[in-house]
Amino acid sequence: MAEPIPFKPIPFRPKPVRAARSAVVVGAGIGGLAAAIAMARAGLAVQVVEQARKLKEVGAGLQLTPNATRILRDFGLLNRLEQVAVAPRALEVRDGRSGAPLTRAEYGPAASRYGAPFLVVHRADLQNLLAEAAQEAGCAIALGCDLTAVEPAFGSVRAVVKQGENLIAHGADILVGADGVRSSVRAHLGLSAPPVFARRLAFRATVPVPDGHPPEVRLYLGRDAHLVVYPVKGGEVLNLVAIVKQTEPVARWNAPGDSATVHAAFASWTGEVRKLLESAPHFLCWGLYDIDPLPRWSSGRVTLLGDAAHAMLPFLAQGAAQAIEDAVSLAGALTRENDAATALRTYEGERRTRTARIQSEARRNGIIYHLSGPPRIARDLVLRRQGPALLHRYGWIYGA
């Protein structure tokens with residue numbers, strides 16, 4: 001009789017299951033489109049749903065610091081971006097009333113230090129570039145979609161949207177709410193985070209570049225107001241952002257602004273400021289809002305990104321950059337983790353402390369920019385002493 005063959009159990013090695021193979025992104029702004037690109041590059045099938053009926057010019061210029069342009073370079077988009085953006089020569093801070101320079105920092109050495117350029121660009125140009133890149137990566141983008149419900153399902157989640165007369169359910173392994181400071185997805189998660197009014201209005205305009213105007217970012221500081229000026233559209237026009245005090249909350253967003261309010265706020269400022277503002281045919285007005293840091297961003301298979309998670313004031317020029325950072329962190333967590341909910345918690349854990357600090361610093365800058373009296377004198381003295389080192393103060397942001 002033959003000897004029995006001894007039984008050798010083969011150890012069970014389950015094949016790793018990816019956290020997600022598909023995603024639906026609510027919102028086709030800069031953060032939502034960057035997330036779509038990052039997740040598509042990680043191998044996910046991505047559906048983007050956007051409330052707007054078409055992607056159109058909303059806002060005006062924005063600044064992209066090296067922590068953002070480094071990622072866009074990794075996406076293979078930096079060369080295309082540089083065709084419509086401007087690499088400004090320097091950041092110059094001036095006194096708004098006298099026009100006297102307070103400090104100046106060249107961007108070139110800082111860009112070399114942080115390994116990527118500082119760029120200024122029209123928001124619509126960046127959004128269009130990202131939309132094209134998302135579609136090239138295989139993402140689907142559906143416009144005119146009003147979110148009506150976020151529904152958990154067995155092993156998935158659905159975004160129910162009204163598109164025209166139809167209700168459509170987009171199912172996926174995860175759902176990303178990238179739908180702004182008044183996020184509907186955040187409300188569906190039960191996170192009560194009312195937008196906080198900063199007691200400021202932003203009046204934005206684009207004007208022809210005056211003869212001899214240098215390709216720089218200029219920041220003019222004054223009591224209860226400031227003005228930011230920089231070129232966009234490949235240097236063809238100047239972007240103006242005039243910030244003025246407003247006590248009562250306003251719900252304006254990309255609405256026509258009262259030019260008289262702007263001119264009154266800057267009436268006693270230096271002639272170069274008044275001349276720039278007077279050259280604007282009209283202004284669009286935004287109420288400035290952020291949100292307090294949230295206790296969490298995620299629940300199950302749903303998470304938040306960009307302004308929906310951490311809306312911040314524009315006084316550090318980090319709103320778009322932090323949304324782009326979110327996109328890469330989210331895609332990375334989905335690649336590493338084998339469970340969707342775990343991946344979303346990992347992403348949230350990587351991002352919440354950093355974004356909360358930047359929110360706080362942006363609020364602080366909103367105070368510093370608008371000082372008067374002895375505090376203003378002290379601020380100006382510090383700025384003069386900082387000189388070229390001004391940009392290195394934020395190396396913890398740019399070098400991340």
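Note: hydrogens, waters and symmetry copies are ignored here, and every other heavy atom, side chains too, is used. Just so we're clear, the structure is a prediction, and the values are computed from it rather than from any experiment.
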Charged N-O contact under 4.0 Å between [X] and [Y]:
X	Y	answer
Asp380	Arg376	yes
Asp339	Arg301	no
Arg296	Glu348	no

Do the non-hydrogen side-chain atoms of [X] and [Y] ever get within less than 4.5 Å of each other?
X	Y	value
Ile30	Leu126	yes
Leu191	Ser299	no
Leu238	Pro231	yes
Arg113	Tyr398	no
Gln246	Thr261	no
Val217	Tyr107	yes
Val161	Asn166	no
His188	Val302	no

Option among Val49, Val46, Asp179 that satisfies the side-chain contact (heavy atoms from CB on, under 4.5 Å) test with Val25
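One option only clears the test, and that one is Val46.
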
Classify the angle between the aromatic ring planes of Phe197 and Tyr289 as parallel (below 30°), tilted (30 to 60°) or perpendicular (above 60°).
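Ring orientation, 0 to 90° scale: tilted.
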
Which class fits the ring pair His310 and Trp297: parallel under 30°, tilted 30 to 60°, perpendicular over 60°?
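Aromatic pair His310/Trp297 classed tilted.
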
[X] with [Y], same ILVMFWY side-chain cluster at under 4.5 Å:
X	Y	value
Trp396	Leu390	yes
Val196	Met312	no
Leu219	Leu371	no
Leu143	Leu130	yes

Evaluation steps, side chain to side chain contact (heavy atoms under 4.5 Å, CB included), between Ile368 and Asn365
CA-CA 5 Å; Ile368 292 171; Asn365 269 3; 4.1 Å; yes

Between [atom1] on residue [X] and [atom2] on residue [Y], distance to nearest 0.5 Å:
X	Y	atom1	atom2	result
Thr355	Gln322	OG1	CD	7.0 Å
Phe283	Leu240	CZ	CG	6.5 Å
Met39	Leu330	CE	CG	5.5 Å
Arg345	Arg352	CZ	CZ	13.0 Å
Ile37	Glu136	CD1	CD	8.5 Å
Leu33	Leu55	CG	CG	7.0 Å

Nearest heavy-atom pair of [X] and [Y]: which atoms, and what distance?
X	Y	value
Asn67	Ala321	ND2-CB, 3.7 Å
Val121	Ala85	CB-CB, 4.0 Å
Ala178	Gly31	CB-C, 4.4 Å
Leu305	Gly32	CD2-N, 4.2 Å
Glu325	Ile397	OE2-O, 4.4 Å
Phe315	Gly366	CD1-CA, 3.3 Å

Set of salt bridge (charged side-chain N to carboxylate O under 4.0 Å, His left out) partners for Arg218, sequence neighbours left out:
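Once residues adjacent in sequence are excluded, the partners of Arg218 under the salt bridge (charged side-chain N to carboxylate O under 4.0 Å, His left out) criterion are Glu92, Glu216, Glu272.
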
Can you name the salt bridge (charged side-chain N to carboxylate O under 4.0 Å, His left out) partners of Asp290, sequence neighbours left out?
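Listed in chain order: Arg363.
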
Donor-acceptor list for residues 149-160 side chains, cut-off 3.5 Å, not counting sequence neighbours:
| from | atom 1 | to | atom 2 | distance (Å) |
| --- | --- | --- | --- | --- |
| Glu151 | OE1 | Arg158 | NE | 3.3 |
| Glu151 | OE1 | Arg158 | NH2 | 2.4 |

Do side-chain atoms of [X] reach the backbone of [Y] as a donor and acceptor pair under 3.5 angstrom?
X	Y	result
Arg70	Gly399	no
Arg21	Asp173	no
Ser279	Leu276	yes
Gln127	Ala28	yes
Arg379	Tyr369	yes
Thr303	Val176	no
Tyr230	Leu62	yes
Arg186	Val181	yes
Glu106	Pro388	no
Ser360	Ala356	no

Arg223 atom CZ, over 12 foreign heavy atoms within 6.0 Å
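It does not: Arg223 CZ has 12 such atoms or fewer within range.
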
Atom CZ of Arg385: over 12 foreign heavy atoms under 6.0 Å
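No, because the 6.0 Å sphere around CZ of Arg385 holds 12 heavy atoms or fewer from other groups.
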
Is the closest side-chain donor-acceptor distance between Glu337 and Thr342 under 3.5 Å?
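Absent: no donor and acceptor within the cut-off.
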
Please assess Thr103 against Arg384 for the test side chain to side chain contact (heavy atoms under 4.5 Å, CB included), listing each intermediate value before the final yes or no.
CA-CA 5 Å; Thr103 194; Arg384 290 189 176 98; 5.8 Å; no

After noting the C-alpha distance and the side-chain angles of Phe203 and Val244, does the key distance pass the side chain to side chain contact (heavy atoms under 4.5 Å, CB included) rule?
CA-CA 8 Å; Phe203 290 87; Val244 304; 3.4 Å; yes

Evaluate Arg199 against Thr247 for side chain to side chain contact (heavy atoms under 4.5 Å, CB included), listing each step before the verdict.
CA-CA 5 Å; Arg199 300 167 66 91; Thr247 304; 3.8 Å; yes

